[in-house]
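Each residue takes its place number in the sequence, starting with 1.
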Amino acid sequence: MAGAVFLTWNDSQRSRSLCRVVGLERVLLVAGSSGMRRHVGGLVGTAFALARRRPDLIWYQFSLALGILLAAYRALGGGSVRLVADVHTKALRRSGPRLLRPLILPLKRWALRSAQVVIVSNDENARFADAVFGTESLVLPDPLPTPVGTRIDSAAAHAVIFVCSFALDEPLQLIADAARKLAGRYAIWVTGDPTKLPAVTRAALDSATRLTGFLPGRAYWAALRSARCVAVLSSDPACLPCGAYEAICVGKRPILADDGVARAIFGDGAIYTPLTVDGVTAAVEEAATGAVGAVQYYELRWTRWWAEVSSTLRSLDVLPDLSPALPAPAQIAPSPTA
């Protein structure tokens, strides 16, 4: 479809995977910037991209400033531009500084309601979006990403890898405490850029784990592929972290915080734990025994979700003509532990 594009200000695994499935070119802007530089650079870069391409179908990863700009672009075009907003959990639920909330809420509502389609990753987010912003959201969990390379990292063969970005929702002290309890049986690795950490938190992790630093592409995938198990923990409700999908696509059942939304999406394809030291260590022992069929299990589930959602997207004329039409499998996905 001429004039179709996917715009994003965030280099997320979900947007990469969606673009591959949907068949859209991804235009990534200001992913490495923050604060005012990010917003000014993003708005200017997006304006130039719109002027150059003149797209009439825009999928985008929702952030408030980008959503407002695209809603204005659609209004200036007389409503002929079609927008599809893919809204991640934090962008959906973030309310902004208290003093600005009376302004942010109506702007966010206008931006989201300017889209023909709002896509979220789970039912809980759909209920939230519909209640707060008056949308009728489609639910589409993340497709599995494509791993980079095939290399193995022999140093990770006995490692339990905690995938972290050092965001506020990650229980870092719990990870340090669980690492001490697991010491001697496994090597404990924690990914992510530790320069973001307060000195006290970094010292606690450094004393109990190996802080790998940011692992680029092939090194990251090699570590996940080789690890004994992978944990991706968050204290936020309805959080479906990218690391969970990344673990699954290299054959691991990720360890996740026990949450009803996570269970609905991953089913038997993950291992769930309360956010306690005993819970995490027990989950590691279970996960370290290995798993069979995690990839096939999730892909069968996702194929059914995509068959339903893609049918709706086609009926609304917001899916490029070249997007694959995947049939829903008739069989029930087998448990990966069977």
Side-chain angles (χ1 to χ4, degrees), residues 1-33 38-88 91 111-112 114-121 137-138 140-149 216-218 220-221 242 245-246 249 299 302-303 305-307 309-326:
M1 180 182 292
V5 70
F6 190 112
L7 295 174
T8 177
W9 292 1
N10 299 279
D11 189 14
S12 73
Q13 189 66 261
R14 177 177 169 92
S15 70
R16 289 195 292 271
S17 300
L18 276 180
C19 286
R20 172 176 50 81
V21 170
V22 175
L24 284 172
E25 176 191 0
R26 188 177 72 136
V27 176
L28 175 64
L29 300 164
V30 298
S33 301
R38 167 186 169 83
H39 286 88
V40 173
L43 292 170
V44 172
T46 302
F48 273 110
L50 294 174
R52 184 174 67 255
R53 295 168 179 269
R54 298 296 177 91
D56 56 10
L57 171 61
I58 304 170
W59 285 52
Y60 72 102
Q61 181 180 330
F62 183 84
S63 57
L64 181 57
L66 177 58
I68 291 170
L69 178 59
L70 293 179
Y73 175 73
R74 181 173 188 268
L76 290 171
S80 61
V81 176
R82 289 155 294 159
L83 300 177
V84 178
D86 182 51
V87 192
H88 297 201
L112 286 172
S114 295
Q116 280 60 60
V117 179
V118 172
I119 298 176
V120 295
S121 63
S137 307
L138 294 180
L140 182 65
D142 291 25
L144 289 183
T146 302
V148 177
R218 292 178 184 275
Y220 176 72
W221 286 108
C242 291
Y245 302 95
E246 293 162 351
C249 78
E299 284 186 336
W302 193 85
T303 298
W305 290 320
W306 174 245
V309 169
S310 64
S311 176
T312 302
L313 294 173
R314 289 182 194 282
S315 72
L316 296 172
D317 195 27
V318 294
L319 197 62
D321 296 334
L322 297 179
S323 297
L326 301 178

For the student: nearest non-hydrogen atoms of Ala4 and Leu24, plus distance: CB-CD2, 3.5 Å
4.5 Å side-chain heavy-atom contact, Leu18 and Ile119: no
Flag, side chain of Ser311 to backbone of Ala307, donor-acceptor distance under 3.5 Å: no
Heavy-atom check, side chain of Val22 versus side chain of Pro320, under 4.5 Å: yes
Side-chain touch Tyr220/Val148, heavy atoms, less than 4.5 angstrom: no
Side-chain touch Leu138/Trp305, heavy atoms, less than 4.5 angstrom: no
Asp86 and Arg14, any side-chain heavy atoms less than 4.5 Å apart: yes
Note, Gln116 side chain near Val84 side chain (heavy atom, < 4.5 Å): no
Atom pair CG (Asn10) and CZ (Arg38), whose distance is rounded to the nearest 0.5 Å: 4.5 Å
Gap separating the NE2 atom of His39 from the CH2 atom of Trp9, nearest 0.5 angstrom: 6.0 Å
Distance-minimising heavy-atom pair for Ser15 and Thr8: OG-CG2, 4.4 Å
Ring geometry between Tyr60 and Phe62 (parallel below 30°, tilted from 30 to 60°, perpendicular above 60°): tilted
Between CG on residue Leu144 and CD on residue Glu246, distance to nearest 0.5 Å: 10.5 Å
Side-chain heavy-atom pair Leu313, Trp59 within 4.5 angstrom cut-off: yes
Between SG on residue Cys19 and CZ on residue Phe6, distance to nearest 0.5 Å: 5.0 Å
Over all atoms of both residues, closest heavy-atom pair of Gln13 and Cys242: CB-SG, 3.9 Å
Pairing residues for Arg16 by the salt bridge (charged side-chain N to carboxylate O under 4.0 Å, His left out) criterion, not counting sequence neighbours: Asp11
Closest contact, heavy atoms only, Ala111 versus Ile68: CB-N, 4.0 Å
Distance, nearest 0.5 Å, that separates CG of Asp56 from CZ of Arg74: 12.0 Å
Nearest heavy atoms of Trp302 and Val21, plus distance in Å: CH2-CG1, 3.7 Å
Taking every non-hydrogen atom, the tightest pair across Val87 and Ala91: CG1-C, 4.4 Å
Under 3.5 Å donor-acceptor, Arg54 side chain and Ala51 backbone: yes
Tyr73 and Thr46, any side-chain heavy atoms less than 4.5 Å apart: no
